[in-house]
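Below is one structure, written out as C-alpha cells; comments come after it.
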There are 2 protein chains.
Amino acid sequence: MTRQKRAVAALLAETDQFTSAQELHARLRNAGEKVGLATVYNQLGALVDAGEVDSRRGESGETLYRRCDLVSHHHHLICRHCGLTVELSAPEVETWARELGRRNGFNNLDHVLEITGICDRCSGDSQ
Amino acid sequence: MTRQKRAVAALLAETDQFTSAQELHARLRNAGEKVGLATVYNQLGALVDAGEVDSRRGESGETLYRRCDLVSHHHHLICRHCGLTVELSAPEVETWARELGRRNGFNNLDHVLEITGICDRCSGDSQ
DNA sequence: ATCGTTGCAAATGTTTTGCATGTCA
DNA sequence: TGACATGCAAAACATTTGCAACGAT
C-alpha cells in the first residue's frame with residue numbers, strides 16, 4: 001500500500017463523475033501529490049480489475065473512470081452537460097437481453113446499456 | 001462523387017461486420033484501389049454524419065464502422081468471436097429508458113445498448 | 001534485504017491536420 | 001476553370017512499455 005495508491009483511491013472516492021486518467025492525474029498534481037501518469041493508469045487498471053471502479057469510453061475516445069457504488073452488474077444514467085451519474089439496476093433489461101440473445105442463438109451473453117440526458121439541474125439553469 | 005468515395009461505399013456495402021478504418025483501408029489497398037488512409041477516415045466520418053453508417057468503439061479503442069440496415073434507431077447483438085452482427089429493434093427498452101430517465105429528472109434522453117455474446121456458429125466450432 | 005511499485009522517457013497505435021496536388025463537374 | 005476531394009507526411013492524443021531507481025514491509 002503506497003502513498004500513490006492511497007492518493008488515487010482517495011481522489012476517486014470524492015469524485016462522482018466519470019473522469020479520464022489524464023484529468024485525474026492533473027488533479028493529483030495540482031493538489032501537490034507527486035504521482036506519475038503511468039502509475040495512475042496502473043492503479044486505475046488494477047481497480048477496474050478488482051471491480052471497484054467502472055470504466056467506459058467517452059465520445060472523444062479516452063477511457064473514463066468512476067468508483068462503483070453498486071457491487072453487482074448495473075447501468076448508468078449520465079447527464080451530458082454536467083456529468084452527473086446515477087447508477088441503475090434494471091432486472092427487466094437483464095432478462096430481456098439474455099432472452100433476446102438466446103433466441104438469436106447466442107451464448108455467453110453480456111451487454112452494455114448507457115442512458116444519457118440532461119439532468120433537471122442543468123435543464124433549469126440557463127446553461 | 002469520386003472514385004474513392006465509391007470504393008469505400010462499395011466495400012462497406014459488402015461487409016456486414018463492424019470493421020476498423022485501418023482494416024477497411026488495408027482491404028481497399030489489397031484490392032488494388034489507390035485510396036489514402038486520411039480519405040477513408042474522411043469518408044467514414046461523412047457517412048456516419050449522414051446516418052448511413054453506424055460507428056462504435058471496440059474494446060481495443062479503435063472506432064469500428066458498419067453500414068446501417070435499419071434506418072431508425074436500433075441496437076446491436078454482436079458475436080465476440082466472429083463479429084457477426086444482428087440489428088435489433090427494441091421498443092420496450094426505448095420506452096423503459098425514456099421513462100426511467102424522466103423519473104430521475106432527466107430530459108433529452110438518449111441511450112446506447114449493445115448486447116454481446118458468442119453466436120451458435122462459433123459455439124459449435126471447436127473455436 | 002527483497003520484491004513489487006514507481007515514473008520517466010520512449011514506443012505504440014489511432015486519428016487528425018496542414019497543405020500541395022489532383023480531379024470531378 | 002474553380003471549388004472541392006485527395007493523400008502524404010507530420011502532428012496530436014491516449015495509452016503502454018522498458019527499465020533503473022525507489023520504498024514498503
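The sequence lines fix the lettering, A, B, ..., with proteins before strands; numbering per chain opens at 1.
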Exercise for the section: Give a yes or no on whether a salt bridge exists between R29(A) and E33(A), defined as a side-chain N under 4.0 angstrom from a carboxylate O. Expected result: no
Fill in the blank from the handout: Whole-Å distance, Q22(B) CD to dG13(C) C1', equals 8 Å
Problem - Single-linkage hydrophobic cluster, 4.5 Å side-chain cutoff, L64(B) and I78(B) together - result: yes
Problem - Electrostatic pair R66(A)-E87(A), nearest N-O below 4.0 angstrom - result: yes
Exercise for the section: Could you check how far CZ of R57(B) sits from P of dG13(C), rounded to whole Å? Expected result: 17 Å
Handout entry: Value in whole Å for how far the C1' atom of dT14(C) lies from CD of E62(B)
Key = 8 Å
Exercise for the section: Would you please indicate if the ring centroids of H111(A) and H76(B) are separated by under 6.0 Å? Expected result: no
Handout entry: Length of the CZ-C1' vector between R3(A) and dT25(D), whole Å
Key = 17 Å
Problem - Positions of residues 4-18 of chain B (non-hydrogen atom under 4.0 Å from DNA chain C), listed by number - result: none
Exercise for the section: Report which part of the nucleic acid T39(B) touches: base, sugar-phosphate, or nothing (heavy-atom distance under 4.0 Å, all strands). Expected result: base
Practice task
Identify whether any heavy atom of T63(A) sits under 4.0 Å from a base atom; if not, whether one sits that close to sugar-phosphate; answer base, sugar-phosphate or nothing.
Solution key: sugar-phosphate
Handout entry: Whether R67(B) side chain and A13(B) backbone form a donor-acceptor pair below 3.5 Å
Key = yes
Practice task
Would you indicate, yes or no, if dT15(D) has its OP1 or OP2 atom less than 4.0 angstrom from a side-chain nitrogen or oxygen of Y41(A)?
Solution key: yes
Exercise for the section: Following the transitive rule for hydrophobic clusters with a side-chain heavy-atom cut-off under 4.5 Å over Ile, Leu, Val, Met, Phe, Trp and Tyr, establish whether L88(B) and F106(A) coincide in one cluster. Expected result: yes
Exercise for the section: May I ask you to say whether E94(A) pairs ionically with R98(A), meaning some side-chain N is under 4.0 Å from a carboxylate O? Expected result: no
Handout entry: Nucleotide nearest A38(B) (side chain, heavy atoms from C-beta), chosen from dG7(D), dT6(D), dC8(C)
Key = dG7(D)
Practice task
Whole angstrom is fine here: how far is it from CD in Q43(A) over to C1' in dG7(C)?
Solution key: 13 Å
Exercise for the section: Let me know the distance between CG of L44(B) and P of dT14(C), rounded to the nearest Å. Expected result: 14 Å
Exercise for the section: In whole angstrom, give the distance that lies between atom CG of L37(B) and atom C1' of dA11(D). Expected result: 14 Å
Problem - Of G36(A) and L64(B), the one whose closest DNA chain C nucleotide lies more 5' - result: G36(A)
Practice task
Examine dT6(C): is either OP1 or OP2 under 4.0 Å from a nitrogen or oxygen in the side chain of T2(A)? Give yes or no.
Solution key: yes
Practice task
Rounded to the nearest angstrom, tell me the gap between atom CG in L24(A) and atom P in dT15(D).
Solution key: 11 Å
Practice task
Look at all strands and tell whether E23(A) reaches a base, only sugar-phosphate, or nothing, counting heavy atoms closer than 4.0 Å.
Solution key: nothing
